[in-house]
Amino acid sequence: ILTSLEKLEVAPPSPGQLKHVFFHNALPFVGFGFLDNAIMIAAGTQIELSIGVVLGISTMAGKYCQIQNCWFLFSCSSSLAGYVEALASRLGLSIPDLTPKQADMWQTRLSAHLGKAIGVTIGCILGMFPLLFFGDEEEKLEEKN
């Protein structure tokens with residue numbers, strides 16, 4: 001037997017609510033993507049320049065060391081994700097006002113997943129800024145050899 005509340009259909013989220021869901025999910029992932037990529041690039045390059053030079057290994061072997069250390073670096077940047085989310089909430093990023101049924105609708109899930117994907121993509125692009133500083137070091141290293 002269905003109660004009268006279960007018989008009521010819930011209206012799908014409005015475009016404004018879906019936009020709020022999108023940005024609520026995107027902004028923390030921009031921060032996460034930024035930190036993840038910046039840490040990976042900076043630490044990976046230093047690993048290659050230090051271990052590769054000391055051990056006299058090839059660039060490909062240095063890249064292999066970078067790949068192995070990516071697991072460690074990813075876990076470090078993943079632990080920062082909670083801090084990014086806390087900062088976003090402190091900056092006033094409120095939780096979207098949705099009913100539990102609206103939050104479970106495909107439109108809401110799609111908006112949330114798109115926000116995460118686009119947010120982490122933008123964050124990773126912004127997190128490539130360390131590449132601006134590493135060009136000179138590699139050129140100097142090649143000139144010495």
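For the numbers below, each heavy atom of this structure counts, side chains included, while hydrogens, waters and symmetry mates do not.
Nearest heavy-atom pair, Val120 versus Phe32, reported as atom, atom and distance to 0.1 Å: CG2-CD2, 4.1 Å. Here the shortest heavy-atom pairing between Phe23 and Pro28 reads O-CD, 4.4 Å. Summarising the geometry of Pro13 relative to Leu98, their closest heavy-atom pair is CB-CD2, 4.1 Å, with the distance given to 0.1 Å. Of all the heavy atoms in Cys124 and Asn37, the pair that sits closest is O-ND2, 2.6 Å.
Hydrophobic clustering of Ile, Leu, Val, Met, Phe, Trp and Tyr side chains at less than 4.5 Å, counting indirect connections, unites Leu35 with Ile118.
Taking NE2 of His20 as the start and CG of Asn25 as the end, the distance is 10.0 Å to the nearest 0.5 Å.
No donor-acceptor pair under 3.5 Å is formed between the side chain of Gln17 and the backbone N or O of Pro96.
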Residues 103-110 side chain polar contacts: donor-acceptor under 3.5 Å, at least two apart:
residue, atom, partner, partner atom, Å
Asp104, OD1, Arg109, NH1, 3.4
Thr108, OG1, Gln102, O, 2.6
Arg109, NH1, Asp104, O, 2.4

